[in-house]
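See structure below.
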Number of protein chains: 2
Amino acid sequence: MDHSFFHQQLQFTRSFKNKLNERLAEAGLFHSQWLLIYCLKQQKAATLVEISNYLNVEKPTITRTVKRLEEQMLIEKIPSRDKRERPIQLTEKGLHIYEEAIRIVNDFEQNLMEEISEIDQETTLRTIKRLKTNLMKEELR
Amino acid sequence: MDHSFFHQQLQFTRSFKNKLNERLAEAGLFHSQWLLIYCLKQQKAATLVEISNYLNVEKPTITRTVKRLEEQMLIEKIPSRDKRERPIQLTEKGLHIYEEAIRIVNDFEQNLMEEISEIDQETTLRTIKRLKTNLMKEELR
DNA sequence: TACAATTAGTTACTTAGGTAACTTTATTCG
DNA sequence: CGAATAAAGTTACCTAAGTAACTAATTGTA
């Protein structure tokens, strides 16, 4: 059995995050913070659980990231009828940083995709998604 | 621009590591420890720097993992002419755990690959490798 | 040969993610 | 209605990986 497939996969994502972190430093963000900001931009406002589901990351991780973004005044709490949940949204400053970061990320990802054909991109994406569903099955064994 | 490609990629590797960790718990290993044991099995013996290069992981990370594997008596130091370096190798116990773990990992990876064609696997691996080289170029910008 | 530069490894500190156990608030149902 | 259950967040603690700065040993070189 050849393990290089998954090994390459893991190595790539590790490097990807590192390099993107370097770029995002310009906007004062880490990759994980960017993901949360991106998520809020798509959804306008969201609770921690909604974000957790969207990003597929556990709640405590979201709690920590939210705390930091709040300290940087990039997000703010909004009132809620249900006192258990604490919905948040981007502040003006947060929206501004989003605009800065989206340019960095788009540029970064476009450069990475250089000279990789549409077809290969599609095949790869389809394969990854298939691997993900196979992982879910794995859960039940 | 569609960000889902890289997003899917990151989510997959995160889930992959989590699930594999669950499986490897049976052998008393974490994924990172498994990687190091696998590396030592391929190379017989190696220094931290050699392992670091092989796995493409920074030295301090290797130091920590080595320390834990030593505590579990799965690896041992061997003498070296150069007093700076500390080559290590698998112990008998380590070799035994390797045999147990390789079965778990092979089974896990095979199940994941279920119903994914050879051609798609090849295309995906080629694309990932291409993305990695594009990342390296990115370094120099 | 003596001193500068390099190399191997470690330590301290950071972000990122996970699980388990907890509190507080809502909801369900006997 | 009131007790049990469920849901949203948080806290504490774990592994993993990174950078920066350090020590000790070895090489290179003036």
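Quantities reported herein were computed from a predicted structural model and do not represent experimental measurements. The figures that follow rest on heavy atoms only: side chains count, while hydrogens, waters and symmetry mates do not. Residue numbers start from 1 in every chain, and the chains themselves are labelled A, B, ... in the order their sequence lines are given, proteins ahead of strands.
Not counting sequence neighbours, B:R86 has no partner by the salt bridge (Lys or Arg N to Asp or Glu O under 4.0 Å) test. Considering only residues two or more places apart in sequence or on other chains, A:H96 meets the side-chain hydrogen bond (donor to acceptor under 3.5 Å, both in side chains) condition with none of them. Considering only residues two or more places apart in sequence or on other chains, B:E118 meets the salt bridge (Lys or Arg N to Asp or Glu O under 4.0 Å) condition with none of them. Judged as a salt bridge (Lys or Arg N to Asp or Glu O under 4.0 Å), and not counting sequence neighbours, the contacts of B:R126 are A:D120. By the ring pair (Phe, Tyr, Trp, His ring centres under 6.0 Å) test, A:F30 pairs with no residue at all, sequence neighbours left out. In this structure, the side-chain contact (heavy atoms from CB on, under 4.5 Å) partners of A:E26, at least two apart in sequence or on a different chain, are A:I104. For B:Q72, the side-chain hydrogen bond (donor to acceptor under 3.5 Å, both in side chains) partners two or more places apart in sequence, or in a different chain, are B:Q33. With sequence neighbours excluded, the residues satisfying side-chain hydrogen bond (donor to acceptor under 3.5 Å, both in side chains) with A:E70 are A:K77.
Per the geometry, NZ belonging to B:K19 stands 8 Å off P belonging to C:dT19, to the nearest Å. Atom pair A:L20:CG and C:dA16:P shows a separation of 11 Å (rounding to whole Å applied). In this structure, A:L55 places its CG atom 13 Å from P of C:dA16, rounding to the nearest Å. Look at CD on B:Q33: it is 15 Å from P on D:dC14, rounded to the nearest Å. If you take NZ of B:K83 and P of D:dT27, they are 12 Å apart, rounded to a whole angstrom. Distance CG (A:L24) to C1' (D:dG18): 16 Å, rounded to an integer number of Å. B:R14 has its CZ atom 15 Å from the C1' atom of D:dA17, to the nearest Å.
A:T47 comes within contact range of the sugar-phosphate backbone alone, with a heavy-atom separation under 4.0 Å but no base atom that close.
Within residues 71-80 of chain B, no residue is approached by DNA chain D to less than 4.0 Å at the level of any non-hydrogen atom.
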Give the table of side-chain donor-acceptor pairs shorter than 3.5 Å for residues 54-64 of chain A, with sequence neighbours excluded, one pair per line with atom names and distance.
from, atom 1, to, atom 2, distance (Å)
A:T63, OG1, A:K59, O, 3.2

| Where protein sits on nucleotides 2-7 of chain D, one letter per nucleotide: B base, S sugar-phosphate only, - none, heavy atoms under 4.0 Å | ----BB
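In this structure, A:T61 and B:R86 both approach DNA chain C, and ranking their closest nucleotides by distance from the 5' end singles out B:R86.
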Polar atom pairs between nucleotides 11-15 of chain C and protein, under 3.5 Å, N or O only, would you list them?
from, atom 1, to, atom 2, distance (Å)
C:dT11, OP2, B:K67, NZ, 3.3

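Residues B:L40 and B:Q89 fail the side-chain proximity criterion, which asks for heavy atoms closer than 4.5 Å.
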